[in-house]
Every structure is written in structure tokens, then in C-alpha cells.
2 protein chains.
Amino acid sequence: MDLRHISFRLLEVFMSVVTTGSISKTARALHLTQPTVSLQIKRLQESVGEPLILMQQQKLTVTEAGLELFKTCQQVFGQFNDYKDFLAQLRGGERGRCKIAMVNTAQYILPKLLGPYSNLHPHVELPLEIGNRAEVLARFERGEDDIYVFSHPPSLEHAKAARFLQNPLEFIVPSEHPLAAASAVTLAELTHYRFLLREPGSATRMLFESELQGRGLVLSDSVQMASNEAIRVAVSSGMGIGVLSRHVLPKGEQGFKVLTVSDTHLASHWYFVIRTDRHLSHAARSFLQFAELNLARYLDARWVRNELNQLELN
Amino acid sequence: MDLRHISFRLLEVFMSVVTTGSISKTARALHLTQPTVSLQIKRLQESVGEPLILMQQQKLTVTEAGLELFKTCQQVFGQFNDYKDFLAQLRGGERGRCKIAMVNTAQYILPKLLGPYSNLHPHVELPLEIGNRAEVLARFERGEDDIYVFSHPPSLEHAKAARFLQNPLEFIVPSEHPLAAASAVTLAELTHYRFLLREPGSATRMLFESELQGRGLVLSDSVQMASNEAIRVAVSSGMGIGVLSRHVLPKGEQGFKVLTVSDTHLASHWYFVIRTDRHLSHAARSFLQFAELNLARYLDARWVRNELNQLELN
DNA sequence: GTTATGTATAGGTTATTATCAATGGGTTGT
DNA sequence: ACAACCCATTGATAATAACCTATACATAAC
């Protein structure tokens, strides 16, 4: 038996012949002519190498081999119907995978969207990758993920980016710091103190430094720290002033105080980034559409900047 | 997703691409060229309406849809392998159906062959039909069975017949019959007594009557009875002389006696008959081959007349 | 920078498929 | 006996599937 050149169409025709018990009826049912069906069956029988139906006394009977083939076909079409269902779910975004790579700081805000989304689409896998800006950029280059989250837009080929949230920066000082009691301060005043900053590549630091540079200011002293958490702890223990995303700050200020800097309002933006040269997976599209509709609901509405329509998801 | 024009070959190629993880390797493995495989996959993807594999960074990855299709294919090929096994069994005569229609008297001898055969091939269905000569002939005409058993060859179009057993006729008389004590009698002597016979069409009666006619003898009295069993009982109760196939007589003579008729040796033959214009089912062929080899073993060797090679089974 | 290696695309050939209409030979039913 | 069905066969056609070679184009390896 040589299946190679048998198409599913052929099996469909065969199944119809078995169920209708007639070649002519099948022809009518499938909008074919009777000779066509006759030939199809003949060809199928040759491929199988065994008679599948017999005409005896003008009545069509199905042979043992034919009946068994029919059962096999039923199962096979069942399997493919299951597959079709799977595809439908995939396309509907109910199933599949949406791999997201994000820079460190994003891990404080993205879960607020991911949680509700995941509850709505429990069958969608949502593997997350967290790294620093350079790492996430490298992942983007290699196209390892479906969605990338940056603050600070990467200007790359094949990238489409859209802002979705403001990332306001806040200055925090130890509770016992000389400036802690001031009702308002200026940026220039701050530069006399020691600053605790993330590594040079980080969006927060880049934004802060370009602001300083634009205003001709220079920090008298700064220390580099590996994480936002480390900065927060260091500030609380009196090491210096920190510049952190507002989203990173815990609700209750513990051991530090947020300054009101009257002449400075620093804010970068969070971006969803996708590659234009890759098919966006259905799940990823589904997540971004969810985000577009629900940003204000799950994130602090004051900072939402919904420009996801720029991704042209539809 | 439109399966209609997808052939199994195409799925085979796809599966190979998934398992080898490379289009070129698949091409080499299946003795195709690389562009051929590329195109096949492309076509499959179009049929499915969803990307199945992705090339990223020179590495081939299988999408969700692709992986699921692969699993589906595995199952489907599994089903068809099962079907192939089934076909092999069918062809080997291990499975299937062998419908046999036989005349009444044959039911006393055929089970001796069918029993051992059935033990050897437990998965072969062996439906039996038993009727008088006319009924079995009608079944033959309509081609309702695979094998027909007659004594007396039907000379029909599309029939191939072969003898396999002599059917010697015996004369039986009631124990208290005047002839019961005689050591030997002649046919002519018998004609003076009442005979118990089957219906005119039966092979036994036809044979007996043609013998009488050939020798210019006429029965003085005869009664028609519906079955061999009825004749046996009637003889035992003294109603007259019976003519019965030796194979029908029980081992211990009860209430009757078998005569030795010195001038008469009547014997017809049992025939297996098949239609030449129908495919002989594998099971039927298998049974006849079994019979050809084992006649002498399971039937009384004295009467075996093995001419089954005339059926040209091989 | 050159050489493999792997994939995609273009262009072409041949065999096969999927159809059809027309026709002939059977059965069945009236 | 005739109409009504059913199936098989024939002959024809347009589409397409299944391949190939040649070529271009990446990336990885040396």
C-alpha cells in the first residue's frame, strides 16, 4: 500500500461513498460527476492494493479492507479536526506563547498587565526574560522573543516601538538628609551631594545625565550600583541621593523621602517593541491588544500614555 | 486550513524536516533536492494557513502550529500503520471473512475441516449458510458467499469447481427388515420395497435415480422426506429403505442396518465451488489452501479425492 | 576574505490529477 | 417493454504537483 500520492480529498470521497452507499449519490453530494467518483475510488483501490468496495447485484458493498479503511479515515479526520480546533484557538489568542523580554525595571510594572491577561487566557504561555538594557537589546537582535519592553526607544532597523506608560523619575534622600525637610529644592542644589546611580547604559541614568548636561551641571560625586533595590537600601542607610523610577518606589516611604525638585520633571517612557520583520505570534498580538484596551485599568492612570495603536496590530 | 490537496507525501516531508531540523538534511534523506523540500513546506504552510517553521539566525525552529501538526501527523501515520498491519493480516489469511454456503448434507463433513482451520486462524470469521441445492444455487447466482459446497457439480458460467471428497451412498434398512439379515443383496431385489428419499433436486436422489434408470429398474414405492435426519428416524421405525450419504450415518448403527449391495457402488463427490468472476477473499483462499493440505488428516482418508489444485489458488 | 553550508527564488519539464461529457451495459420498477 | 437508475469506460482538457537545475543570498567557519 502506497499512501504517498493519496490526498485527503480522495479519502473524503471514499468516506462519502461508504456512508451514502452509492457512487452517484456521492457525486451529487460533492458536486462531482459520477465518472469522477468512480475513477477516484479506482485510484484509491490501486494505491491500497486491495478492493475496497464491490458491486454485486447492483448493490454496493464495502469489503473488510474498505470498512477498516473507513474507520481509519474517521479517526484521521478526527485528529485533523482537533488540529483545526487548536489552530482556531491559536489564532484567537487563546493558546500559544508570548515570550516577553524586558529590562530590569519593567518587572515592577508589567506583571500588573500580565496577571489579568493570564487569567483571561490561561492557556497562553507567558515566559518572561529579564535583563539589563544590553541583554534585552541582544535578544532583540537575535529575535528571541515576541515582545520587548524598554524604557528609552531603541532606534533599530526592523523595530516598531510604541509608548504605553510614563516613567517619571524621583529623587530620594535619606530621612535624616539635610534636604529631607526642604519643601522644594532645585536640581543645582542636589549636585553637591553624592548620587547613587545605575550603570551607564540604563535608561534612568541616561535621562538624568542628559538633563544635567543640558543644564551645564556636574555631579560632585556618584557611586554606581547594580540594582534599583540596592539603591533604595543604600539611600535608606544614608549613603546618598538616589534617582529612581517612580514605579520602583514602594508605597510607604521607609527610611527615605521623595524630594520635590521644583525645576525638574524627568520622565522617560516605557515602550513595547516588536520586530517588523517577524510574524507577530497570535498570542503576542492578543496580549498587546489586551494591553491597548486595559492600560488605564491596570496601571496607574496618571502615567498611562497609550500609543499602542502605532503598532498597527489590526 | 484546507487539507484537500495535501498528500501524505507532503506530510512525510514535513515530518522529516521537523525531526532532522533542517531542510537540506531532509532533502538528502529523502533523495530530493533542497529547493523541492523548501517548496513543499511552503505549500504546506499555505494549505494550513499558518507558519509551521521559522528560520531565525540560520536556525530552524518549529512554531507552535508546526509542533502540533507534527504530533497530529505522528498519530495519523500511526493509524495508517495499524491499517497496514490489518491489511497484512487480511492478505495472510489471518483475518477477514470466509462465507461458505453448503447443501444440507455437507454440514456433517465440513465442520471437520472448519474446526481445525478456525483454531489456527481465530480471527477469521466463518459464517456458514446451509440450504438445499436450489437455495445454495441461488446464493451462488447472486454471489452472496465466498465458497459454495455441492455434491454434484453445478455446470454454470463463472464457476470453478473441484472435488475433494467421495460421497458414497449406503442403503439402510430397519433392523427387523426382511433383508437385514442377508449377507449381500442386489439392487433389483431392493426395488420391491418402499424407499424413503430426499426431494427430487438433491444430489443423492439424482444419483440414485440415474443409476436405476441406467439399469432399467423402477421403484415400486417411494416417499419423499424433508431431511436426512427424518429419513434416518423413519428407517429406524420401520417405514422403509433409505439411501443416505455414508458421511451422514452415525458411527453406531441404531435401529437400522447398512446393506451390502453387491452389484452397486454409488458415489457422488463433494465439490468446493468458487466464482471465477469475483475476487476470492484472502480468507477464502487461505481456507481452501488449508483444505488442500489437510484433507486427508481431518477427513476419512478412504474417501478423500483431493483435486483442489484445479481451483488454481496460487 | 574566502569557503562552506543552508535557505529562498526563478524558470522549466514532465507526469499526474481532477475534472468533464458522452456512451454502453447492466438492474429494477412499472 | 420501456423508462429510470446505476456503474464503468473512453477520450479529452486544464490545472497542478513534483520534481529538477541554476542562481542568489545569507550566515558561520576557517
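All values below were derived from every heavy atom in this structure, side-chain atoms included, with hydrogens, water molecules and symmetry-related copies excluded. By convention in this document, chain letters (A, B, ...) are assigned in the order of the sequence lines, proteins followed by strands, and residues within each chain are numbered from 1.
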Notebook entry, point to check: What side chain to side chain donor-acceptor pair (under 3.5 Å) pairs are there with at least one residue in residues 65-74 of chain B, not counting sequence neighbours?
Noted result: none
Notebook entry, point to check: Rounding to a whole Å, what distance do you find between Phe8(B):CZ and dA18(D):P?
Noted result: 13 Å
Checklist line | His121(A) side chain vs Gly93(A) backbone, donor-acceptor pair below 3.5 Å | finding: yes
Item checked: Rounded distance in Å - CD (Gln40(A)) to P (dT9(D)) -> 15 Å
Checklist line | All pairs passing side chain to side chain donor-acceptor pair (under 3.5 Å) where residues 37-46 of chain A contributes a residue, at least two apart | finding: Gln34(A)-Ser38(A)
Margin query: What is the distance, to the nearest angstrom, from the CZ atom on Arg9(A) to the P atom on dA15(D)?
Written below: 18 Å
Check: In whole angstrom, what separates Phe14(B)'s CZ from dA18(D)'s C1'?
Finding: 19 Å
Can you list, pair by pair, the side-chain donor-acceptor contacts under 3.5 Å of residues 11-23 of chain B, counting residues two or more places apart and other chains?
from     : atom 1 : to       : atom 2 : distance (Å)
Glu12(B) : OE1    : Arg9(B)  : NH1    : 3.3
Ser16(B) : OG     : Thr26(B) : OG1    : 3.2
Thr19(B) : OG1    : Met15(B) : O      : 3.0
Thr19(B) : OG1    : Ser16(B) : O      : 3.1
Thr20(B) : OG1    : Ser16(B) : O      : 2.9
Thr20(B) : OG1    : Ser22(B) : N      : 3.2
Thr20(B) : OG1    : Ser22(B) : O      : 3.0
Thr20(B) : OG1    : Thr26(B) : OG1    : 3.0
Ser22(B) : OG     : Ser24(B) : N      : 3.2
Ser22(B) : OG     : Lys25(B) : N      : 2.9

Next item on the list: For the residue pair Tyr271(A) and His269(A), categorise the inter-ring angle as parallel (less than 30°), tilted (30 to 60°) or perpendicular (more than 60°).
Entry: perpendicular
Next item on the list: Mind telling me whether Phe272(B) and Phe164(B) have parallel, tilted or perpendicular rings, with 30° and 60° as the class edges?
Entry: parallel
Item checked: Gap between atoms NE2 and P, on His5(B) and dA15(D) respectively (whole Å) -> 13 Å
Next item on the list: Send over the distance from Asp2(B) CG to dT16(D) C1', rounded to a whole Å.
Entry: 14 Å
Check: Roughly how many Å is it from CZ in Arg43(B) to C1' in dA15(D), rounded to a whole number?
Finding: 13 Å
Note to self: Need two values: the first and the last nucleotide of DNA chain C, 5' to 3', having an atom under 4.0 Å from any heavy-atom of chain B.
What the structure shows: dG6(C) to dT9(C)
Next item on the list: Estimate the overall bend of the helix from dG1(C)-dC30(D) to dT30(C)-dA1(D) from the end axes over five pairs each, rounded to 10 degrees.
Entry: 30°
Next item on the list: Establish, with yes or no, whether the OP1 or OP2 oxygen of dT21(D) is under 4.0 angstrom from a side-chain nitrogen or oxygen of Thr36(B).
Entry: no
Would you list the protein and nucleotides 23-30 of chain D atom pairs, both N or O, that sit under 3.5 Å from each other?
none

Next item on the list: Just grab all the side chain to side chain donor-acceptor pair (under 3.5 Å) pairs involving residues 75-89 of chain B, residues at least two apart or on different chains.
Entry: Gln89(B)-Arg95(B)
Item checked: Cation-aromatic face contact Arg275(B)/Phe140(B), 6.0 Å, 45 degrees -> yes
Note to self: Checking Glu50(B) against His282(A): is there a side-chain donor and acceptor pair closer than 3.5 Å?
What the structure shows: yes
Check: What do you reckon, are the aromatic ring centroids of Phe80(B) and Phe8(B) less than 6.0 Å apart?
Finding: yes
Next item on the list: Using heavy atoms to find the nearest nucleotide of DNA chain C for Ser38(B) and Arg4(B) separately, return the residue whose nucleotide is more 5′.
Entry: Ser38(B)
Checklist line | Pairing residues for Glu94(B) by the salt bridge (Lys or Arg N to Asp or Glu O under 4.0 Å) criterion, not counting sequence neighbours | finding: none
Item checked: Gap between atoms CG and P, on Leu54(A) and dC7(D) respectively (whole Å) -> 13 Å
Item checked: Partners passing salt bridge (Lys or Arg N to Asp or Glu O under 4.0 Å) against Arg285(A) (at least two apart in sequence or in another chain) -> none
Note to self: Tell me every residue that passes salt bridge (Lys or Arg N to Asp or Glu O under 4.0 Å) with Asp146(B), counting only those two or more places apart in sequence or in another chain.
What the structure shows: none
Next item on the list: Name the residue closer to the 5' end of DNA chain D, choosing between Leu39(A) and Leu60(A) according to the nucleotide with the nearest heavy atom.
Entry: Leu60(A)
Note to self: Restricting to salt bridge (Lys or Arg N to Asp or Glu O under 4.0 Å), what partner residues turn up for Arg205(A), sequence neighbours left out?
What the structure shows: Glu209(A)
Note to self: Within residues 21-32 of chain B, which residues have any heavy atom lying less than 4.0 Å from an atom of DNA chain D?
What the structure shows: His31(B), Leu32(B)
